[in-house]
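For reference, the structure discussed in these notes is given below.
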There are 2 protein chains.
Amino acid sequence: MMVKLIKTYINPTLSEALEIISKAVSSKELTIIVGECSVDYQGRSESRLTLGERVIIIKQDGAFLVHRPTGYSPVNWQPATSIIETRLDKDKLIIMAVRRKPRETIWVYLTRIYTIITGKLVDNGEFIMYMDEHEIRDILYEHPELIEEGLKIIEKEKKIGEGYADLFGIDARNTPVIIEIKRVTATREAMLQLYNYVQTYQKQTGVKPRGILVAPTITSSAIESAYKLGLEWKEINLQKIWKYRKNKNIKHGTLFDFLKNKR
Amino acid sequence: MMVKLIKTYINPTLSEALEIISKAVSSKELTIIVGECSVDYQGRSESRLTLGERVIIIKQDGAFLVHRPTGYSPVNWQPATSIIETRLDKDKLIIMAVRRKPRETIWVYLTRIYTIITGKLVDNGEFIMYMDEHEIRDILYEHPELIEEGLKIIEKEKKIGEGYADLFGIDARNTPVIIEIKRVTATREAMLQLYNYVQTYQKQTGVKPRGILVAPTITSSAIESAYKLGLEWKEINLQKIWKYRKNKNIKHGTLFDFLKNKR
DNA sequence: TATTATATCTCGGGT
DNA sequence: ACCCGAGGTATAATA
């Protein structure tokens with residue numbers, strides 16, 4: 001049986017680290033470095049980060065992350081890199097990571113290294129996300145009565161101009177209806193997005209459609225915008241929507257509780 | 001002299017790991033775990049991730065990240081957590097991380113652990129970002145002639161309705177001008193944002209202002225929108241803007257080169 | 001490749 | 001606490 005090879009190096013010298021890291025990177029291993037460094041970035045913007053202790057992760061596809069000891073976001077990063085070069089310069093181990101498009105570069109100047117982990121991770125796990133906007137849209141497609149009695153949906157993802165309206169249908173009086181769905185609180189921005197569809201549709205067909213923004217909650221200024229732009233909105237209960245989902249065989253107890261507690 | 005205490009544990013048993021992790025978390029140390037796990041998430045949405053090898057990072061403020069071996073984004077995360085609980089259940093080490101607002105929970109089920117790193121990282125480094133939208137706005141505030149000859153800027157971040165216009169001024173003919181700035185390619189969305197300000201301003205004052213979208217590049221459908229909405233746009237050269245910056249003492253050689261190569 | 005819209009967006013700033 | 005907008009947003013889908 002193959003033994004998993006995850007290697008750990010404690011307090012390596014910078015020249016030892018140079019060899020470890022360059023070897024790991026060239027064989028596309030995941031590399032984690034805990035140490036003290038400063039970081040420069042230049043590309044779409046430019047940044048400087050002075051000395052401090054951080055975690056650097058170089059992933060198997062070249063994704064590059066520099067994490068400070070707090071917070072969700074990396075302080076510097078590259079989503080993917082084509083070139084990763086390492087070299088020693090005096091008392092610093094320099095890692096340069098270059099992204100092709102857009103052309104961007106990170107330089108990490110390591111002054112001290114506490115730990116390095118290298119190894120090939122195998123992850124064939126399946127990731128499934130539930131209750132995203134797509135799923136809500138599909139449920140409302142099947143159950144338009146949740147938006148308005150008498151509403152008939154004709155099309156999902158209807159192309160209007162350059163964009164796509166979430167749902168398109170006709171109401172009880174045969175007026176076309178364009179529907180924009182948000183799974184989180186809808187802001188003025190969502191109302192403007194809907195307005196764009198309504199306006200483009202009218203321009204293209206000569207018929208003025210209704211525009212309905214559907215969301216669990218809507219900000220007051222979005223409602224104000226709706227009045228100004230001649231749009232409508234409908235607050236929906238996610239818990240109710242959730243009950244109409246197709247894959248009822250899947251257990252979602254806690255999400256249900258979560259939604260219940262919100263309402 | 002205080003010796004830096006970064007601890008590394010190799011191939012711990014799950015019960016050893018339980019103790020290591022719970023101790024590290026309770027003393028607010030940074031914790032990195034490399035191992036095999038599955039992950040559930042429930043909160044604003046819900047997800048399942050089946051077994052695979054991953055890197056788990058618990059930061060000193062409770063930020064919680066589960067990273068797969070590739071890609072920029074964590075597959076599961078919490079920006080900050082108030083409760084982190086660990087326990088053994090049969091042959092699994094379970095880490096539960098709860099966020100208060102919104103109420104969200106992650107469960108990590110570890111089946112094998114290769115390495116754990118724990119320790120308090122000290123990072124007082126200063127992070128400076130150059131050439132963000134704020135800096136561009138400030139330069140254009142000082143040099144409105146870069147947008148249009150005869151333009152006078154009256155106000156930065158002028159509140160119009162519930163939002164804020166980047167710049168507000170009057171042109172050579174004393175017509176009010178609302179300016180929206182983008183540091184990247186401006187889309188239809190930016191044009192709609194500007195339209196909202198223009199419309200709100202007109203509603204509030206009775207005076208129809210000009211609206212100018214300022215960006216390095218503008219998509220064709222944004223230009224189309226401009227025609228429809230009666231707005232204007234001005235493409236600006238970031239390299240040129242860059243020359244007007246105040247802190248010229250700072251070296252920015254490569255960004256300059258970057259911008260030069262783009263134009 | 002460019003464009004569009006979503007995201008468990010995160011984060012900071014303002015009211 | 002809500003709201004608003006930027007972000008080196010990243011990412012997926014689509015023309």
Side-chain angles (χ1 to χ4, degrees), chain A residues 41-47 63-65 71-80 99 101-106 129-137 157 159-166 180-190 193 196-197 217-222 224 255 258, chain B residues 39-47 63-66 71-80 99 101-106 127 129-137 157 159-166 180-190 193 196-197 217-222 224 255 258:
Chain A
Y41 154 78
Q42 287 172 331
R44 287 167 293 177
S45 184
E46 170 163 342
S47 71
F64 196 103
L65 307 170
Y72 164 86
S73 305
V75 61
N76 283 109
W77 72 91
Q78 304 274 36
R99 180 186 188 180
K101 219 173 176 317
R103 179 80 178 190
E104 306 193 275
T105 311
I106 285 183
M129 175 73 75
Y130 304 100
M131 210 52 180
D132 54 6
E133 200 254 12
H134 203 279
E135 193 167 3
I136 294 170
R137 188 214 308 138
E157 289 289 288
K159 184 161 199 199
I160 297 178
E162 296 300 311
Y164 295 82
D166 289 327
E180 173 66 27
I181 302 164
K182 292 290 160 197
R183 62 179 298 286
V184 291
T185 302
T187 62
R188 210 157 27 109
E189 200 184 324
Q193 196 180 332
N196 180 67
Y197 294 135
T217 49
I218 296 172
T219 65
S220 56
S221 79
E224 199 185 309
L255 178 58
F258 171 77
Chain B
V39 185
D40 287 350
Y41 155 77
Q42 287 172 331
R44 288 167 291 178
S45 184
E46 171 162 343
S47 71
F64 196 103
L65 308 170
V66 181
Y72 163 86
S73 305
V75 61
N76 283 110
W77 73 92
Q78 304 272 34
R99 180 187 188 181
K101 220 176 176 318
R103 180 81 179 190
E104 307 193 273
T105 310
I106 284 183
F127 181 69
M129 176 74 74
Y130 303 99
M131 210 51 180
D132 55 6
E133 201 251 14
H134 202 278
E135 192 167 3
I136 294 170
R137 189 222 305 141
E157 289 291 288
K159 186 163 197 202
I160 297 178
E162 295 300 311
Y164 295 83
D166 290 326
E180 174 65 27
I181 301 164
K182 293 290 162 196
R183 64 178 298 286
V184 291
T185 301
T187 62
R188 210 157 27 105
E189 197 185 326
Q193 196 180 334
N196 182 68
Y197 294 136
T217 48
I218 297 173
T219 64
S220 56
S221 79
E224 198 185 310
L255 177 58
F258 172 77

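In what follows, every chain begins at residue 1, and chains take the letters A, B, ... in the order their sequences are listed.
- The NZ-P distance, from B:Lys101 to D:dC3, rounds to 11 Å in whole Å.
- Using a 4.0 Å heavy-atom criterion, one finds that B:Glu189 contacts no nucleic acid atom at all.
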Test log, rule side-chain contact (heavy atoms from CB on, under 4.5 Å), inputs B:Glu104 and B:Gln78: CA-CA 8 Å; B:Glu104 307 193 273; B:Gln78 304 272 34; 3.7 Å; yes

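- C:dT8 and C:dT4 have their P atoms separated by 22 Å, with the value rounded to a whole Å.
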Audit row: B:Glu157, B:Arg137, side-chain contact (heavy atoms from CB on, under 4.5 Å) steps and yes/no: CA-CA 9 Å; B:Glu157 289 291 288; B:Arg137 189 222 305 141; 3.4 Å; yes

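- A:Ile106 CD1 to A:Asn76 CG: the interatomic distance, rounded to the nearest 0.5 Å, is 5.0 Å.
- Between A:Thr219 and B:Glu133, the one whose closest nucleotide on DNA chain D sits nearer the 5' end is A:Thr219.
- The minimum heavy-atom distance between A:Pro79 and A:Arg99, with the atom names listed, is CD-NH1, 3.4 Å.
- For B:Lys182, a side-chain nitrogen or oxygen approaches OP1 or OP2 of D:dA6 to under 4.0 Å.
- The span of DNA chain C lying next to chain A, judged by atoms under 4.0 Å from heavy atoms, is bounded 5' to 3' by C:dT1 to C:dC11.
- Put simply, CG on B:Asn196 is 12 Å from C1' on D:dG5, counting in whole angstrom units.
- For the atom pair CD of A:Glu46 and CD of A:Gln42, the computed distance is 4.0 Å after rounding to the nearest 0.5 Å.
- The ring-ring contact (aromatic ring centres under 6.0 Å, His included) search around A:Tyr164 returns none, not counting sequence neighbours.
- Not counting sequence neighbours, the partners of A:Thr185 by the side chain to side chain donor-acceptor pair (under 3.5 Å) test are A:Thr217.
- The shortest side-chain heavy-atom distance between B:Ser47 and A:Tyr130 does not fall under the 4.5 Å cut-off.
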Dot-bracket encoding of pairs in DNA chain D, which uses [ ] for pseudoknotted crossings and | for another strand, Watson-Crick or G-U under 3.5 angstrom: |||||||.|||||||

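- Here A:Tyr197 lies in heavy-atom contact (under 4.0 Å) with sugar-phosphate atoms only.
- Within the structure, a side-chain polar atom (N or O) of A:Arg188 is placed less than 4.0 Å from OP1 or OP2 of D:dG5.
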Nucleic acid footprint by protein, nucleotides 8-15 of chain D - heavy-atom cut-off 4.0 Å, B for base, S for sugar-phosphate alone: BSSS--SS

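- With a 4.5 Å cut-off on side-chain heavy atoms, B:Arg183 and A:Ser45 count as touching.
- With sequence neighbours excluded, the residues forming a side-chain contact (heavy atoms from CB on, under 4.5 Å) with B:Gln193 are B:Glu180, B:Lys182, B:Tyr197, listed by chain and number.
- You'll find the side chain of B:Trp77 stays beyond 4.5 Å of the side chain of B:Phe64, heavy atoms only.
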